[in-house]
Amino acid sequence: MVIVGAGQAGLSVATALRAGGYDGGLTLIGAEPHRPYERPALSKEVLAKEVLANEVLGEADAPPRVEPPSLADPAQWRALALDARLGCRVRGIDRGNRELRCDDGAVVPYGTLFLATGGRARRLPGLDGERVHYLRNLDDARRLRQALARARHLLVVGGGWIGLEVAATARRSGLAVTVLEAGSRLCERALPADAAAQLLDYHRAQGVVFHFNVTARPRADASGVYCEVGGQRVGADHLLVGIGLVPETELAADAGLAVDDGVLVDAVGRTDDRRIFAVGDVARFPSRFSGAVQRLESWTHARLQAEVAAAAALGGRAGYRDLPWFWSDQYDLNVQVVGAPTGEGVSRDYGDGRRTLFYLRDGALRGAVAFNAGRDIGFVRRWLNAGHTPHPAALADPARDLAALHRALRESGHVR
Ligand code: FAD
């Protein structure tokens, strides 16, 4: 079995295959030279204030740099018994001969193939140079870290998760931060308006400056970055562009697999070639939760969908029961989003900065957004899985313990 892409989904396939009893040959091919690591850390720990300070101090006095945690410790890595080919990019799939062609000239045969190629950062056309940054992989993060350590003003294009996480880190490190967003609010695809407004307030209170409804056309040269915003010129030392992800579908498309904003797969992650699966950010699958065919870009999804595909390759039939779940850390704020937070919001405010917004549509719980209230999300996940909606009054009342509410629902047989 061969896995292309050594990220969260790729490594999860490998782990699940071994856990499922597969002891045959297992090849993991990854374009990055690094062993699989936790990508979410790139916009968080890896760029943290203390780490940036170390960059300024210089090598001699600096404690070790912070790198993202590994997805497998050395013992786990050895136990997987992988033929790992890192720093190697697959250039083509020959489905007739069941072979992969790599950029180092190697030809790798496969019996079953998993595509876990994730995506790349969407670029702003015509913009490049040392002051322009994107953030998708460890090399991007190291480069951005060096830039931020010496910068005073960061311009961010894109008010989505990556832009906001970097804005928060930069702001905490003392940089002035300006965010330009094309839409009328933050995280338009992921957050309802009231939750987005709360996040915006939080950033503004930290001193981040926002401009909305701006189609940014920044320019960058050796001395800085510039952008016209409402007739005014905004200048900065560096620019981070966080405008979304383009799925890495070229391999699949060139091989004639069905592709449409993602590699199209069925409920177990199988493409229209039964020997080829696609998982993680790159795969577009029929969601049981939303009823739509969609891609999900999240850590949990990459892991869980990979496990289902690995089981299917070993003969399992269970389909993927997706439940979208995503988290983000900004300043000391942990934001978690579960399900499809649309519809009527019910606010549960603990009065100490913790708040959960539950969303109901046609009387049914559809999702939630929690601010420093991750514990609530655990209950919402179980209720969504069971198709159960607690009474809105109970959800809204911070004095009603959700654990007790959950226990009562369990005892009455409503949820497990
Ligand atoms: P990836 O992790 O992108 O892995 C794909 C790998 O395939 C890459 O290493 C790539 O180099 C390799 N590859 C591509 N093409 C080829 C080829 N032809 N040959 C060989 N190798 C190839 N999610 C959350 O839920 N919470 C968070 O807080 C969060 N924070 C994030 C912060 C950042 C900065 C980023 C970038 C993402 C974040 N995510 C977060 C999203 C999460 O990390 C991704 O959803 C997850 O990593 C997807 O895993 P994947 O394996 O599908 O893709």
First locate atom [atom1] of [X], then atom [atom2] of [Y], and finally report the distance between them rounded to the nearest 0.5 Å.
X	Y	atom1	atom2	result
Arg18	Met1	CZ	CE	9.0 Å
Tyr331	Asn372	OH	CG	13.5 Å
Asp266	Phe285	CG	CZ	12.0 Å
Leu257	Leu251	CG	CG	9.5 Å
Asp139	Leu144	CG	CG	12.5 Å
Thr169	Gln330	OG1	CD	8.5 Å

Close side-chain approach of [X] to [Y], heavy-atom, < 4.5 Å:
X	Y	value
Glu32	Leu86	no
Val132	Val225	no
Leu395	Phe379	no
Val156	Val208	no
Leu304	Val308	no
Asp329	Glu45	no
Pro218	Leu127	yes
Leu148	His133	no

Over 12 foreign heavy atoms within 6.0 Å of [atom1], [X]:
X	atom1	value
Asp362	CG	no
Glu344	CD	no
Asp221	CG	yes
Arg219	CZ	no
Arg217	CZ	no
Arg321	CZ	no

For this session: Evaluate the side chain to side chain contact (heavy atoms under 4.5 Å, CB included) criterion for residues Leu402 and Arg348: first the C-alpha distance (whole Å), next the side-chain angles of each, then the deciding distance (0.1 Å), finally the verdict.
Result: CA-CA 11 Å; Leu402 291 188; Arg348 179 184 184 89; 3.5 Å; yes
Exercise. Mind checking what makes salt bridge (Lys or Arg N to Asp or Glu O under 4.0 Å) contact with Asp254, not counting sequence neighbours?
Worked result: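 For Asp254, no residue satisfies salt bridge (Lys or Arg N to Asp or Glu O under 4.0 Å) once neighbours in sequence are set aside.
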For residues [X] and [Y], report the shortest heavy-atom separation together with the two atoms involved.
X	Y	value
Ala72	Gln76	CA-OE1, 3.3 Å
Gly262	Pro247	N-CG, 4.0 Å
Ala151	His238	CB-CD2, 3.9 Å
Pro69	Ala41	CD-CB, 3.8 Å
Val108	Cys102	CG2-SG, 4.0 Å
Asp272	Gly256	OD2-O, 4.4 Å

Any donor and acceptor pair, going by atom type alone, linking the side chain of [X] with main-chain N or O of [Y] inside 3.5 Å?
X	Y	value
Glu38	Pro40	no
Arg122	Ile243	yes
Asp237	His153	yes
Asp104	Cys88	no

For this session: Go through the steps for Arg172 and Asp332 under the test salt bridge (Lys or Arg N to Asp or Glu O under 4.0 Å), then give the verdict.
Result: CA-CA 10 Å; Arg172 277 187 100 168; Asp332 51 1; over 6 Å; no
Problem set entry | Geometric cation-pi criterion Arg95 and Tyr110, 6.0 Å radius, 45° cone | no
Would you say [Y] and [X] are linked by a side-chain donor-acceptor pair, where the criterion is simply a distance under 3.5 Å?
X	Y	answer
Asn137	Tyr37	no
Thr178	His211	no
Thr342	Arg361	yes
Glu248	Thr117	no

Between [options], which is the residue that forms a side-chain contact (heavy atoms from CB on, under 4.5 Å) with [X]?
X	options	value
Leu71	Arg39, Gln8, Arg35	Gln8
Ile276	Val4, Val263, Val265, Leu113	Leu113
Phe371	Val335, Thr356, Asn334	Val335

Exercise. Are Asp261 and Arg295 close enough for a salt bridge, meaning some N to O gap below 4.0 Å?
Worked result: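 Looking at Asp261 and Arg295, the cut-off is met.
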Exercise. Taking NZ, NE, NH1 and NH2 as the nitrogens, is one of them in Glu307 or Arg303 under 4.0 Å from a carboxylate oxygen of the other?
Worked result: yes
For this session: With sequence neighbours left out, write down each residue that passes side chain to side chain donor-acceptor pair (under 3.5 Å) with Arg136, or none if nothing qualifies.
Result: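 By the side chain to side chain donor-acceptor pair (under 3.5 Å) rule, Arg136 matches Asp281.
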For this session: Apply the test salt bridge (Lys or Arg N to Asp or Glu O under 4.0 Å) to residues Arg275 and Asp273: give CA-CA distance (whole Å), side-chain angles for both, the deciding distance (0.1 Å), then the verdict.
Result: CA-CA 5 Å; Arg275 291 182 175 276; Asp273 178 332; 5.8 Å; no
Problem set entry | Chi angles and distances behind the salt bridge (Lys or Arg N to Asp or Glu O under 4.0 Å) call for Arg101, Asp94 | CA-CA 8 Å; Arg101 202 168 21 81; Asp94 177 346; over 6 Å; no
Exercise. Can you list the steps and then say if Asp322 with Gln305 is a side chain to side chain contact (heavy atoms under 4.5 Å, CB included)?
Worked result: CA-CA 8 Å; Asp322 64 305; Gln305 194 197 22; over 6 Å; no
For this session: Could you walk me through whether Glu67 and Arg142 pass the salt bridge (Lys or Arg N to Asp or Glu O under 4.0 Å) test, one step at a time?
Result: CA-CA 9 Å; Glu67 295 292 307; Arg142 286 176 174 161; 2.8 Å; yes
For this session: For Phe114 and Leu17, run side chain to side chain contact (heavy atoms under 4.5 Å, CB included): C-alpha distance rounded to whole Å, both residues' side-chain angles, the deciding distance at 0.1 Å, then the answer.
Result: CA-CA 11 Å; Phe114 296 86; Leu17 286 173; 4.0 Å; yes
Problem set entry | Parallel, tilted or perpendicular, as decided by the 30° and 60° cut-offs, for the rings of Phe210 and His203 |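 If you compare the ring of His203 with that of Phe210, the planes turn out perpendicular.
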For this session: Check the pair Ile3, Leu26 against side chain to side chain contact (heavy atoms under 4.5 Å, CB included), reporting the backbone distance first and the verdict last.
Result: CA-CA 8 Å; Ile3 305 162; Leu26 187 52; 3.9 Å; yes
Exercise. Less than 6.0 Å separating the ring centroids of His301 and Phe326?
Worked result: no
